> 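Okay, handing you the structure first.
A quick note: this is a predicted structure, and the numbers were derived from the prediction, not measured.
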Amino acid sequence: MTQAPPPADLKMQRSSRDASTLPARLAEWLATELPEGADPVVTLHSGIDTNGMSSETLILDAAWTEGGEARSGKYVARVAPSAEDLPVFPNYALQDQYDAMRIVGEQTDVPVPAVRWMEPTGEVLGTPFFLMDRIEGVVPQDVLPYNFGDNWLHDASLEDQRRLQDASVEVLAKLHAIPDAATTFGFLEPHHAGSTLLEKNLARTRAWYDFAVPDIGRSPMIERALAWLEANLPETGETVLCWGDSRIGNVMYADFEPVAVLDWEMAAIGPRELDVSWILFAHQVFESITGMLEMPGMPHFLAEADVVATYEEIAGVELGDLHWYHVYNGVQWAIVFMRTGARQIHFGEIERPEDVESLFHHKPLLERLLSEAGA
């Protein structure tokens, strides 16, 4: 049994935080970060109505006085969720996200928003947060998914769709080309047991699944997939910066070119195939939904052969077989659906399902991958 996609007007609740108190709290804190006498005023525009399902995103303006002159800025606050709001991940290392974005901005021309201020204590909003510059652009939508039709990306010409695809793949190649990633981004190494980075990343994913189970129940399919992944680890010692959540829904575009690479919660170091698989798999999740609904979808877009060929040409390297990584990312998507489902139950948006796997929008896709692997 598969779950129908969410309706177009659904806005999944991420937080029980009282938004009415946030501007005053943010202004009071910002006064401690700006020169004396700045007297900042914060205007909050929106919060949860965005792509992504994990960190809270607050859209705000700030105005203040500095050196006798009026100053202002447009910002986005990335706020770690509260434990009582059933966060997607076991922990949110916001300082690591902040540092990863800062270093990428310093060492590449990948368009990451400039990070400004970090509040690591949680004393201001209850959980840590940081402010980054707000960039203007458009994002391929998640709800309803862009491949359902009637949106700017789906309705674009094939040439513009391909331009966006190639530019997005180039982002991955540039991130993976940052030298000495093991040292530069050593703080992103998973703190889990393993003799290789890939083994540590997999151990982190199993721990994530174990974290999700108490709130929603076990998944035999995930457990079967994890057993297969652990028994068939690829041999690779490669270390690059992996953006982690490397999908086009986490990119802002202007004229089909990336202008902001966002959402660094899953950043890690490991083999480059993790990112290349993720950008492909994310699209395949949406394609599996349109397939079940007998909709046309966008099968020509982000096709694996095209993406791999483009990546290899730009990066100058040959990728390994991606099947293991597709199964791995299928497990991660399933855990995300477990956590977002548990949170919807928590906020009274859905009833608790009898079968946790009914929450997996991509269940047929993961079942097919496991079958092809002989798992």
> Transitively linked via ILVMFWY side-chain contacts under 4.5 Å: Ile178 with Val317?
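Same hydrophobic cluster.
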> Can you confirm whether more than 12 heavy atoms, excluding those of Glu313, are under 6.0 Å from its CD atom?
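Count not over threshold, so no.
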> Distance check, rounded to the nearest 0.5 Å: His45 atom NE2 versus Leu60 atom CG?
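With rounding to 0.5 Å, NE2 (His45) is 7.5 Å from CG (Leu60).
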> Begin with the C-alpha distance, continue with both residues' side-chain angles, and end with the deciding distance and a verdict on side-chain contact (heavy atoms from CB on, under 4.5 Å) for Gln107 and Thr184.
CA-CA 10 Å; Gln107 296 200 13; Thr184 303; 3.9 Å; yes
> State, without any angle test, whether Glu223 and Tyr209 hold a side-chain donor-acceptor pair at a distance under 3.5 Å.
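Side-chain D/A pair, Glu223 to Tyr209: present.
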> Between Tyr92 and Pro87, what is the shortest heavy-atom contact and its length?
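Answer, listing the atom of Tyr92 first, then Pro87: CE1-CB, 3.6 Å.
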> Using every non-hydrogen atom in the two residues, find where Leu365 and Val285 come nearest and quote the distance to one decimal.
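For Leu365 versus Val285, the nearest heavy atoms are CD2-N, 3.9 Å.
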> Does some side-chain heavy atom of Tyr75 sit less than 4.5 Å from a side-chain heavy atom of Met132?
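In short, these two side chains do not touch, never coming nearer than 4.5 Å.
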> Is any side-chain heavy atom of Arg343 closer than 4.5 Å to one of Val88?
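SC-SC contact between Val88 and Arg343 confirmed.
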> Check step by step if side-chain contact (heavy atoms from CB on, under 4.5 Å) holds for Leu359 and Ile350.
CA-CA 11 Å; Leu359 298 171; Ile350 64 172; 4.1 Å; yes
> What's the shortest heavy-atom distance between Val259 and Gly137, and which atoms?
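Scanning both residues, the minimum pair turns out to be CG2-CA, 4.5 Å.
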> Do Glu199 side-chain atoms and Leu233 backbone N/O form a donor-acceptor pair below 3.5 Å?
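A pair under 3.5 Å: no.
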> Check whether any side-chain heavy atom of Leu198 lies under 4.5 Å from a side-chain heavy atom of Tyr328, and answer yes or no.
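Side chain of Leu198 against side chain of Tyr328, heavy atoms only: no contact under 4.5 Å found.
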> Heavy-atom distance under 4.5 Å between the side chains of Asp61 and Ser72, does that happen here?
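No; the side chains remain at least 4.5 Å from each other.
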> Hey, mind stepping through Trp117 and Tyr98 against ring-ring contact (aromatic ring centres under 6.0 Å, His included) and telling me if it holds?
CA-CA 9 Å; Trp117 298 282; Tyr98 181 99; over 10 Å; no
> For Glu312 and Thr310, test the side chains for any donor-to-acceptor distance below 3.5 angstrom and give the result as yes or no.
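Their side chains do not contain a donor-acceptor pair, so the 3.5 Å distance test is not met.
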> Cut-off 3.5 Å, side chains only: do Ser358 and Asp355 have a donor facing an acceptor?
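No, because no side-chain N or O of Ser358 sits under 3.5 Å from a partner of the opposite role on Asp355.
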> Out of curiosity, Asn201 CG to Leu229 CG, how far, rounded to the nearest 0.5 Å?
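It is 12.0 Å, given to the nearest 0.5 Å.
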> Do the side chains of Ile216 and Leu86 join up, straight or via other hydrophobic residues, at under 4.5 Å, putting them in one cluster?
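No, it is not one cluster - the side chains of Ile216 and Leu86 are not joined through contacts under 4.5 Å.
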> With a sphere of 6.0 Å drawn around CD of Glu318, does it hold more than 12 non-hydrogen atoms of other residues, nucleotides or ligands?
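No - once you tally the heavy atoms of other residues, nucleotides and ligands closer than 6.0 Å, there are 12 at most.
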> Take Glu170 and Lys174, measure what salt bridge (Lys or Arg N to Asp or Glu O under 4.0 Å) needs, and give me the verdict at the end.
CA-CA 6 Å; Glu170 184 178 19; Lys174 288 180 175 179; 3.8 Å; yes
> Where do His362 and Phe337 land on the side-chain contact (heavy atoms from CB on, under 4.5 Å) test, with the steps shown first?
CA-CA 9 Å; His362 70 319; Phe337 289 139; 3.5 Å; yes
> Hey, are Thr57 and Arg78 close enough side-chain-wise for a donor-acceptor pair under 3.5 Å?
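Side chains of Arg78 and Thr57: pair found under 3.5 Å.
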> Are Val276 and Trp264 linked, directly or through intermediate hydrophobic residues, by side-chain heavy-atom contacts shorter than 4.5 Å (ILVMFWY only)?
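Cluster IDs for Trp264 and Val276 match.
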> Answer whether the closest heavy-atom distance between the side chains of Met118 and Arg116 falls below 4.5 Å.
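Result no, sub-4.5 Å side-chain heavy-atom pair not found.
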> Using side-chain heavy atoms (C-beta onward) and a distance below 4.5 Å, is Asn250 in contact with Trp243?
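Touching, per the 4.5 Å side-chain cut-off.
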> Counting only heavy atoms not in Asp150, do more than 12 fall under 6.0 Å of its CG?
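Incorrect, the count does not exceed 12.
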> Is there a path of hydrophobic side-chain contacts, each under 4.5 Å between heavy atoms of I, L, V, M, F, W or Y residues, that connects Leu370 with Val336?
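Leu370 and Val336: one cluster.
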> Check whether the side chains of Gln165 and Asp306 place a donor and an acceptor atom closer than 3.5 Å, and report yes or no.
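There is no such pair (donor and acceptor under 3.5 Å, judged by atom type) between the side chains of Gln165 and Asp306.
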> Per the ring-ring contact (aromatic ring centres under 6.0 Å, His included) rule, which among Phe360, Trp278, Trp208 passes with Trp333?
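Of Phe360, Trp278, Trp208, ring-ring contact (aromatic ring centres under 6.0 Å, His included) with Trp333 is met by Trp278 alone.
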> Do Glu273 side-chain atoms and Gly320 backbone N/O form a donor-acceptor pair below 3.5 Å?
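A pair under 3.5 Å: yes.
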> Which atoms form the tightest heavy-atom contact between Pro299 and Glu287, and what is the distance?
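Shortest heavy-atom separation between Pro299 and Glu287 comes out as N-OE1, 3.2 Å.
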> Quick check against the 3.5 Å criterion: does Trp324 have a side-chain atom that pairs as donor or acceptor with the backbone of Asn232?
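Side chain of Trp324 to backbone of Asn232, a donor-acceptor pair under 3.5 Å: yes, one is there.
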> About how many Å separate OG of Ser277 and CG of Asn329, when rounded to the nearest 0.5 Å?
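Atom-to-atom, Asn329:CG and Ser277:OG are 4.0 Å apart.
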> Taking all atoms of both residues into account, what is the closest heavy-atom pair of Ala207 and His192, and its distance?
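Where Ala207 meets His192 most closely, the heavy atoms are CB-NE2, 3.8 Å.
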> For the pair Tyr146 and His283, name the ring-plane relationship: parallel under 30°, tilted 30 to 60°, perpendicular over 60°.
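If you compare the ring of Tyr146 with that of His283, the planes turn out parallel.
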> Keeping the roles fixed (side chain from Glu119, backbone from Gly122), state whether a donor-acceptor pair exists under 3.5 Å.
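Yes, because the side chain of Glu119 sits within donor-acceptor range (under 3.5 Å) of the backbone of Gly122.
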> In Å, rounded to the nearest 0.5 Å, how long is the span from CG of Leu274 to NE2 of His176?
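Reported to 0.5 Å precision, the distance equals 8.0 Å.
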> Side chain of Asp321, backbone of His323: donor and acceptor closer than 3.5 Å?
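Yes.
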> Let me see the working for Trp64 and Glu66 under side-chain hydrogen bond (donor to acceptor under 3.5 Å, both in side chains), right down to the final yes or no.
CA-CA 7 Å; Trp64 67 93; Glu66 186 172 341; 3.1 Å; yes
> Got a sec: does the CD of Glu28 have more than 12 other heavy atoms crowding it under 6.0 Å?
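12 or below, so no.
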> Do Gln161 and His300 have side-chain atoms, one donor and one acceptor, less than 3.5 Å apart?
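Yes, His300 and Gln161 have a side-chain donor paired with an acceptor closer than 3.5 Å.
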> Taking the basic N atoms (NZ, or NE/NH1/NH2) and the acidic carboxylate oxygens, is any pair closer than 4.0 Å for Arg163 and Glu159?
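Between Glu159 and Arg163 there is no salt bridge, as every charged N stays at least 4.0 Å from the carboxylate O atoms.
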> Kindly determine whether Val79 and Leu58 satisfy side-chain contact (heavy atoms from CB on, under 4.5 Å), including the steps that lead there.
CA-CA 8 Å; Val79 188; Leu58 305 177; 3.8 Å; yes
> Is a side-chain donor-acceptor pair under 3.5 Å present for Asn147 with His154?
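Note: His154 and Asn147 side chains miss the donor-acceptor criterion.
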> Any sub-3.5 Å donor-acceptor pair from Thr236's side-chain atoms to Glu238's backbone N or O?
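Side chain of Thr236 to backbone of Glu238: a pair is present.
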> Just do the salt bridge (Lys or Arg N to Asp or Glu O under 4.0 Å) check on Arg247 and Asp142 with the steps written out, would you?
CA-CA 11 Å; Arg247 61 191 186 91; Asp142 287 347; 3.0 Å; yes
> Check whether any side-chain heavy atom of Pro111 lies under 4.5 Å from a side-chain heavy atom of Val261, and answer yes or no.
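SC-SC contact between Pro111 and Val261 confirmed.
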> Which pair of heavy atoms, one from Ala315 and one from Ala173, lies closest together, and at what distance?
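Answer, listing the atom of Ala315 first, then Ala173: CB-CB, 4.2 Å.
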> Would a 4.5 Å heavy-atom cut-off, applied to side chains only, mark Phe89 and Met266 as touching?
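Sidechains of Met266 and Phe89: in contact.
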> To the nearest 0.5 Å, what is the distance between CG on Leu366 and CZ on Phe281?
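Answer for the CG-CZ pair, Leu366 versus Phe281, is 6.0 Å.
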> Can you tell me how far CD of Glu351 sits from CD of Gln344, rounded to the nearest 0.5 angstrom?
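If I round to the nearest 0.5 Å, the distance is 11.5 Å.
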> Hydrophobic cluster membership, with links at side-chain heavy-atom distances under 4.5 Å among I/L/V/M/F/W/Y: are Val112 and Val240 in one?
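Shared cluster, no.
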> Strictly distance-based, threshold 3.5 Å: is any side-chain N or O of Ser157 a donor or acceptor partner for the main-chain N or O of Asp160?
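Yes: the side chain of Ser157 pairs with the backbone of Asp160.
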> For the residue pair His361 and Phe286, is the inter-centroid distance of their aromatic rings smaller than 6.0 Å?
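When the ring centroids of His361 and Phe286 are compared, they turn out to be at least 6.0 Å apart.
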